[in-house]
Amino acid sequence: MDEVKDNSNYVCYEVDASYYIEQNRHIEVMENVLFYENGTLNKIFKGPVTINLEGYRKKGKSVDYHEYKAYYINNNVISKNRVTDDLSIKVYDFLYKILIQMHIKYTYKNKIINYESLVSLLSPKKNIITNEYINKITKPILVYSIKRNILSVVKDKKISLLDSPKYLSEIKEKICIEVNNKIQSFGMQVELILESVDFVDDTNTSELNSILFKQKEMKALNYTYQEENLIDYLEFVNIEKEDH
Amino acid sequence: MWLLYIGLPLSIIIGIILLIKYQKRPEQIIEESPKQKILVTKIENNIENLHKKFRLEDNQVIVIFKNDTLYERLSDNEFSISTFASTHDIDTKKDDFDSYHFYIFNESQIINLSINIKNQIRMIDVEYGFPIALLPKAKISIKYKDLESLFHYFSLFRIEYSYSQFFIDLMPYLNVNITNGIIQFCHEQKISFIMIDYYLEELEQYITKMIHTEMAESGLVVDNLEFMEFNIVDSSEMKNFNQMMLKNHKFKLLNYTYLDERKKQLMDKINYKKTVKIDEELIDKDLAI
């Protein structure tokens, strides 16, 4: 008889059905057991609960355990798993058409929304689903979606990438909808926090920033480039005059 | 008399044994199915193979062609030409039987193909007219829908056709279509290659449609196409372009012209020279004191 494996990284795996049929077993909060009979989901036990399958024991003196399958899902493992990561994007700015490199810091957490779909991911080759395996599914989709949606919002609003941090909540919502649509077939969902968007201070970005700053200054102080030049010239002439 | 009692049953038993022996078919050899890396294996239509039994793995099928036309697709666990002939009332001794061709097709290998494509493209930009090197990375999912077209298109009527050979035949086809798709899309939509990141969804739809039409005869369909990355290869042209764009924005945003800039540069130059001269005079004066 298999004991429930005590591994802090196992999210879902098959357990010998006889383990639950032969005796009443107790599962704790966030622990779940899915019980299948002849390939069909029969019962879902959500902890804390004592699993009582006495009815199956009474079906006959000898129970044919081949008819039953039990799967153990540990939500504790997945709920503890909050991942923080960085994504680097190098892309031409939509408005200024200058190559800009940006860093996006994000945190995400996977959540199981459908136990049956999660169990269906198990196969003879993949008999244990770990946190790493779930991240292998969700992370590439997330990375792909973050980039796409930042660019999509920038394009829709016809703004510069440098202004994209203002729209983080809108971008986040779009990403969540897209990612969750894609991973719901695995029985998963993600909770995402877009922590920050920073721009790498290289020649292109710093020069563009200084141009934009100058433009703002000129607007605020209400002068033109030509006027500034004229004053520079007058100062120059004045210095020359004083020297003579 | 006792010889009659023993001899008669004995001769009957021997007779039955001989009868069974002569009625029994030639020994059936169970052939193992081809290895997974082989996509198609031909079962030669000859006497040697006539009574052999071929054991098939999951998702392997027997494909039967008659005069280059798909006759039947069987997904049984075991296959023998003689059983097939007897169930279809086909006389294996007639010349007509030579027109039947039997193949073991490893269907599982191409039921859901997911291919990563990484191909460098160098071309003249649609908007700015200078050469740009692009490095798109795409993931393409392909399904097969028509067995007969697939066999004809990729000429699978061979003694053995490997899975890697299938890729060798398929990849140039996909690469050419993706490259042409990118160029055509940018030309039609008048989009610079540097801005393609903002139009990936439209580009994916465009190329999927394009490959779908191109592949109509191949028996394959594109299920999904996703551009994972679309990098622009760093080059001197790109550096010059970036500098040019920065200058362009400087003129536009700060509302001045090239002439204004040159005037300022000239003034700065004179000013600098004058400052240097004054400094030199001051140093001379200091020395004189």
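Atom set for the values below is all heavy atoms of this structure, side chains included, hydrogens, waters and symmetry mates excluded. Sequence lines set the chain letters: A, B, ... in the order given, protein chains first and strands last, and positions in each chain run from 1. These numbers were taken from a predicted model, which means no experiment stands behind them.
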Contacting moiety of [X], where chain A heavy atoms sit under 4.5 Å:
| X | answer |
| --- | --- |
| B:Ile196 | neither |
| B:Asp197 | both |
| B:Tyr128 | side chain |
| B:Phe227 | both |
| B:Glu226 | both |

Atom [atom1] of [X] and atom [atom2] of [Y]: how far apart are they, to the nearest 0.5 Å?
| X | Y | atom1 | atom2 | answer |
| --- | --- | --- | --- | --- |
| A:His103 | A:Asp86 | NE2 | CG | 7.0 Å |
| A:Ile100 | A:Asp93 | CD1 | CG | 4.0 Å |
| B:Tyr206 | B:Ile182 | OH | CD1 | 11.5 Å |
| A:Cys176 | A:Leu142 | SG | CG | 8.0 Å |

So which part of [X] gets closer than 4.5 Å to some heavy atom of chain B, the side chain, the backbone, both or neither?
| X | result |
| --- | --- |
| A:Tyr96 | both |
| A:Leu161 | side chain |
| A:Leu212 | side chain |
| A:Val154 | side chain |

Output field: ring centroids A:Tyr36/A:Tyr68 closer than 6.0 Å: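 They do not qualify: ring centres at least 6.0 Å apart.
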Tell me whether the centres of the aromatic rings in B:Tyr144 and B:Phe105 are closer together than 6.0 Å.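 Yes, the ring of B:Tyr144 comes within the 6.0 Å limit of the ring of B:Phe105, centre to centre.
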Is any side-chain heavy atom of B:Thr41 less than 4.5 Å from a side-chain heavy atom of B:Tyr161?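 They are not in contact (no side-chain heavy atoms under 4.5 Å apart), so the answer is no.
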Highest number of heavy-atom pairs under 4.5 Å with chain B: which of A:Lys155, A:Lys147, A:Lys90?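 Heavy-atom pair counts peak at A:Lys155.
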In terms of heavy-atom pairs under 4.5 Å, which option from A:Glu207, A:Gln215, A:Arg148 contacts chain B the most?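 If we count pairs closer than 4.5 Å to chain B, A:Arg148 comes out on top.
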Does A:Asp163 use its side chain to pair, donor to acceptor, with the backbone of A:Ile159 at less than 3.5 Å?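 A pair under 3.5 Å: no.
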